[in-house]
Amino acid sequence: MKKIAVFTSGGDSPGMNACIRAVVRTAIYKGLEVYGIYHGYEGIIEGDIKRLHTYSVSNIVQRGGTMLKSARSAEFRTPEGRKKAYENLKAHGIEGLVAIGGDGTFTGAKIFHEEFGIPVVGCPGTIDNDIYGTDYTIGFDTAVNTALDAIDKIRDTAAAHDRIFFIEVMGRDAGFIAVESGIGSGAEFVMVPETQTDLDAVVKSLKNLRKTKTSSIIVVAEGDAAGSAAEIMEKVKSKIQDKNKEFKVTTLGHIQRGGNPTARDRVLASRCGMAAVEGLLEGKTNCMAGIMNQEVVYTPFGDCIGKTKPLIADHLKLIEYLSI
Ligand code: F6P
């Protein structure tokens with residue numbers, strides 16, 4: 001293998017740049033030529049591919065976003081789109097790919113590998129942490145700390161005004177950000193897609209808590225089946241029926257996706273990037289390089305996509321015990 005390419009795809013996450021840097025520098029260290037593909041799968045189809053050098057990735061280890069840009073590509077979901085993509089890679093002489101992204105990225109990579117046999121190794125880049133085969137995903141730690149910083153600020157004003165705040169955090173299908181920011185901020189409740197939310201129980205507890213607390217924080221993962229934070233707030237408010245109690249909603253949104261990556265994310269991203277290139281050189285393909293129990297682990301894309309990563313067992317209990 002002499003030429004490889006790297007791209008980022010799906011929702012960006014802080015640390016993707018550190019991962020790109022690690023891929024580029026490891027590849028060059030090992031004597032490979034390395035190319036950057038811009039705008040994810042769309043860039044493979046369009047031939048938006050440029051040679052990268054050691055200096056191309058200078059001064060990015062600390063930056064959020066992705067220097068290679070990211071996109072979700074509808075055309076790559078079609079066989080015609082993937083054929084075009086393969087032809088472009090062939091024209092550039094690219095013999096291996098590093099795909100940085102989440103489950104959508106790996107679904108595309110798996111099909112692409114199966115159809116054309118091109119070796120692909122993935123790196124887990126998503127703030128959601130919902131990828132099987134790695135303890136943490138690149139960007140998760142930064143997103144949790146961003147959410148935590150915001151919730152701490154809301155806690156100040158919630159306490160000053162004796163208000164109940166419903167705070168919506170990202171996590172379309174997973175509650176990792178909600179749970180960890182909830183534990184860290186001392187939230188009274190956390191609502192996540194992994195468990196069924198019992199609004200009556202929440203109302204009952206909130207009424208009980210009024211004896212000891214004048215304000216409360218409820219963290220809602222955006223994918224919770226009971227609805228958005230705003231919808232849940234309306235339902236709870238109508239059940240509590242206390243004219244003196246004020247309810248507020250804050251949706252944190254895309255601030256969770258930006259910002260300088262934490263040290264944890266930079267280290268994780270760098271390790272995964274290096275492992276992806278080493279994996280390609282060892283003949284690994286159709287798999288993701290993740291870190292489990294401090295060790296590099298290569299997990300087949302099929303498992304990364306198909307298996308569900310459960311929340312850490314005692315985290316929800318912790319929130320319940322500590323919220324009294
Ligand atoms: O998958 C990462 C994520 O940030 C989810 O938490 C969120 O639901 C989604 O991406 C938002 O995607 P977009 O930026 O395309 O609206």
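Read the numbers this way: they start at 1 and go in the same order the structure lists the ligands and their atoms. Worth knowing before you read on, the calculation uses all heavy atoms, side chains too, and leaves out hydrogens, waters and symmetry mates.
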Query raised in the report: In terms of residue, atom name and distance, what is the protein heavy atom nearest to atom 1 (O) of ligand 1?
Result: D128 OD2, 3.0 Å
Report task. Answer side chain, backbone, both or neither: which part of I127 comes under 4.0 Å from ligand 1, heavy atoms only. Result -> side chain
Query raised in the report: Is there a side-chain contact between F7 and V98 (heavy atoms, below 4.5 Å)?
Result: no
Report task. Please determine if G11 has a nitrogen or oxygen closer than 3.5 Å to a nitrogen or oxygen of ligand 1. Result -> no
Requested in this report: Would you kindly specify which portion of Q256 sits under 4.0 Å from ligand 1, judged on non-hydrogen atoms: side chain, backbone, both or neither?
Outcome: neither
Report summary line: Paired with K309, the side-chain hydrogen bond (donor to acceptor under 3.5 Å, both in side chains) test is passed by just one of D135, T137, N129, D130, namely N129
**Report entry** Beyond-backbone contact of T197 with V220, side-chain heavy atoms, under 4.5 angstrom
**Finding:** no
**Report entry** Protein heavy-atom partner closest to atom 16 (O) of ligand 1 - residue, atom, separation in Å
**Finding:** H254 NE2, 3.5 Å
Query - Exam field: side chain T66 to backbone L68, donor-acceptor pair closer than 3.5 Å - result: yes
Query raised in the report: Can you tell me which residue and heavy atom of the protein come closest to atom 10 (O) of ligand 1, and the distance to 0.1 Å?
Result: R257 NH1, 3.0 Å
Requested in this report: Write out the residue and atom name of the closest protein heavy atom to atom 13 (P) of ligand 1, then the distance separating them to 0.1 Å.
Outcome: R72 NH2, 3.5 Å
Report summary line: Looking only at protein heavy atoms, what sits closest to atom 7 (C) of ligand 1 is E222 OE2, 3.0 Å
Query raised in the report: Parallel under 30°, tilted from 30 to 60°, perpendicular over 60°: which one fits the rings of Y86 and F116?
Result: parallel
Requested in this report: Indicate whether the side chain of S70 and that of D12 have a donor and an acceptor atom separated by less than 3.5 Å.
Outcome: no
Requested in this report: Would you please test K213 and E188 for salt bridge (Lys or Arg N to Asp or Glu O under 4.0 Å) and show each step?
Outcome: CA-CA 10 Å; K213 294 185 180 186; E188 276 64 35; 2.5 Å; yes
Query raised in the report: Out of curiosity, is G171 lining ligand 1, as in a heavy atom under 4.0 Å away?
Result: yes
